[in-house]
Amino acid sequence: MGMWVNLGNEAFRLIRNDCYVDKTGLIDYMNSLIGTSRPLVCFARPRRFGKSFSARMLAAYYDKSCQSEELFQGLEISRKKSFHEYLNQFHVIYIDMTWFLSTVKDKKRIVDVLQTSVTGELKVLFPGAVREEESSLPQALVAISQTYGEKFFIIIDEYDALFREEKDDKILQMEFIQFLRAMFKSGPAMQSAIAGAFMTGILPVKKYGSESAVSDFREYTMTSPAKLARYIGFTEREVKRLCRKFRMDFETVSAWYDGYSFSRTGHVYCPNSVMNAMQDEEIQNYWTKTESFESLKRYIDENYDGLKDAIVLMLGGQRVKIDISTFQNDITSFGNKDDVLTLLVYLGYLAYDQGKKEVYIPNREVAEVFQSATKGGKWTAVEEAINESEKLLDATIRCDSETVASSLELVHAECASVLKYNDENSLACAIYIAYYTARNYYMIIRELPSGKGFADYAFIPRHGTDKPAMIIELKYDKNADTAISQIHDNRYDGALKDYFGEKLLVGIDYNRDAKGKNAKKHSCVIEKAK
């Protein structure tokens, strides 16, 4: 076994020996493309979302040098018609770009070294097929195909590592693009040599203007996963099954790691976080900040094109409209805040609603990363509000309405420049930020259907907490008593009908038209539900 060709199935066997979640349906999809004019797939996902697992699974299935039927028995692919048709039928070239980049000393020669290394191994495996002086990998594959009649399945894991690690070297990037074009551009010679290809990465294929640099690939991404959505991460059904197996509370796991959602598959969870939580039997933050996020923090701090404003709105539970079409699929070509937000989607820090074209912070785990980004710099108002949120929650539970009103007034005023003080959603956003740490104890639902309408906020205690449930109703230019009356009149407290512990009804008013020292005055009334 060499370093590049026919690495066998041991890597996937190790994955199977762990707590494996069956994603072999992806193999059946790849099989459906073999023999067509475009058997090439680029499947982009964030770090921690199982890209390498998928690559190793495909390698084990297609690799001609090993026997993998037993390894796949009982899995979804074993029940598909295509299972035996392509099982261990091709020579597999497996290129792990992240590992390869770490081994090359002369970064300027990355593409040359890569081709020379792989072709050198092919010359040994297929003697007489490739000219000794040949260093072009595409030419070598064609020569072997014509001499031996063999086909190859190409896997490039983390193909975009070069674009992330050598982000400023445009010449090197173009050399790599030209290499990919030579490998995968449709043509009779290459089609006879390559049965299929699978590339993983974080970013979609690099764009120049509005065109993809390697147009023959079928691309599936965090903004458009199409039929491969269920292979991006763990589905809700899969997570529930794991929770039963490891005796973990699904509601808590969901609060921490759920949040990504696609129309074809519903809720999707980060696999790395879920598996760590199961194996550690502990819910915690398994998300680590990437170098890419650290570099983006500079744009956020400077409020680049209104970016900081958008982040604060999302910290406040809001969604932000974006246009993803201008993003050039790299980490340097930012033309506006939408480009930066789109990159955050591909990095997994934001979730994207494809139907509404909106982004939002997906879950509590990722929210903690954004919360840490607000420490220091130009985030003083938000940081102070979050730091004081535990005291605000305590005051609410003690029914200290005066403290609640004054605290909300301060948060609303401090964040006014970001929240557009008189916007109708600004108080709702301020409420969410002011009660930020309440998500540790509550599932917070905005506009929960109940009675004759929607409760502005329902705070439903999480399993294992002793906090009272709460309904919060907001009013503008009226009074807090009116908000309480609306809860009663419209039976909003019915949203908590299945909760049998203590319940609080909280009415909050923001008087935009007040004059003098009481301008923008907030008032609050809290009562215990009977």
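Just so you know, residue 1 is the first one in the sequence shown, and it goes up from there. Computed from a predicted model, the values in this text were never measured in an experiment. Heavy-atom basis, side chains included; hydrogens, waters and symmetry copies ignored.
Each salt bridge (charged side-chain N to carboxylate O under 4.0 Å, His left out) pair with one or both residues in residues 336-359, not counting sequence neighbours, appears once here: R319-D353, R319-E358. Legend: ring pair (Phe, Tyr, Trp, His ring centres under 6.0 Å) pairs involving residues 230-251, not counting sequence neighbours: none detected. Within the structure, the side chain to side chain donor-acceptor pair (under 3.5 Å) test picks out the following pairs touching residues 232-243 (sequence neighbours left out): K23-E238, T235-E238. The list of salt bridge (charged side-chain N to carboxylate O under 4.0 Å, His left out) pairs with a residue in residues 49-71, not counting sequence neighbours, reads R13-E70, K51-E158, K64-E150.
In this structure, P362 and G348 approach most closely via the heavy-atom pair CG-O, 4.4 Å.
Other residues, nucleotides and ligands contribute at most 12 non-hydrogen atoms within 6.0 Å of the CD atom of Q67. Summarising the local packing, NZ of K108 is surrounded by 12 or fewer heavy atoms from other residues, nucleotides or ligands at distances under 6.0 Å. Heavy atoms from other residues, nucleotides or ligands lying under 6.0 Å from CD of Q73 number more than 12.
For the pair V104/R109, no side-chain contact is recorded, criterion being any heavy-atom separation below 4.5 Å from C-beta on. Proximity of V92 to L7: side-chain heavy atoms (C-beta onward) are nowhere separated by under 4.5 Å.
Between F179 and F176, the ring-plane angle classifies as tilted under the 30° and 60° cut-offs.
Remark: the backbone N or O of L14 is not paired with any side-chain donor or acceptor of Y20 at under 3.5 angstrom. When atom types are taken as modelled, the side chain of D22 and the backbone of T24 share a donor-acceptor pair closer than 3.5 angstrom. Proximity of a side-chain donor or acceptor of Q173 to a complementary backbone N or O of K167 within less than 3.5 Å is detected. In this structure, R462 contributes its side chain and R439 its backbone to a donor-acceptor pair below 3.5 Å. Judged by distance alone, with hydrogens and angles left aside, the side-chain atoms of Q89 form no donor-acceptor pair with the main-chain N or O of K151 at under 3.5 Å. Although no hydrogens or angles enter the test, the distance criterion places a donor-acceptor pair under 3.5 Å between the side chain of K123 and the main chain of E134. Checked by atom type and distance alone, the side chain of Y61 pairs as donor or acceptor with a backbone atom of L87 at under 3.5 Å. In this structure a side-chain-to-backbone donor-acceptor pair under 3.5 Å is present from Q328 to T326. Of the possible polar contacts, none joining the T147 side chain to the I144 backbone as a donor-acceptor pair under 3.5 Å is found. Of the possible donor and acceptor atoms, one in the side chain of N285 sits under 3.5 Å from a partner among the backbone N and O of W287.
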Residues R218, L33; criterion side-chain contact (heavy atoms from CB on, under 4.5 Å); working and verdict: CA-CA 10 Å; R218 303 170 191 260; L33 302 181; 3.6 Å; yes
For R48 and E365, run salt bridge (charged side-chain N to carboxylate O under 4.0 Å, His left out): C-alpha distance rounded to whole Å, both residues' side-chain angles, the deciding distance at 0.1 Å, then the answer. CA-CA 13 Å; R48 317 169 194 84; E365 183 181 39; over 6 Å; no
Kindly determine whether Y29 and F198 satisfy ring pair (Phe, Tyr, Trp, His ring centres under 6.0 Å), including the steps that lead there. CA-CA 11 Å; Y29 173 67; F198 184 81; 9.5 Å; no
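One distance of note links CD of Q191 with OG1 of T36; it measures 9.0 Å at 0.5 Å rounding.
Between F43 and F49, the gap from one ring centroid to the other reaches at least 6.0 Å. Between F153 and Y86, the ring center distance fails the sub-6.0 Å criterion.
Listed by chain and residue number, S224, P225, Y352 satisfy the side chain to side chain contact (heavy atoms under 4.5 Å, CB included) test with Q354 (two or more places apart in sequence, or in another chain). T103 is linked by a side chain to side chain contact (heavy atoms under 4.5 Å, CB included) to W99, F100, counting only residues two or more places apart in sequence or in another chain.
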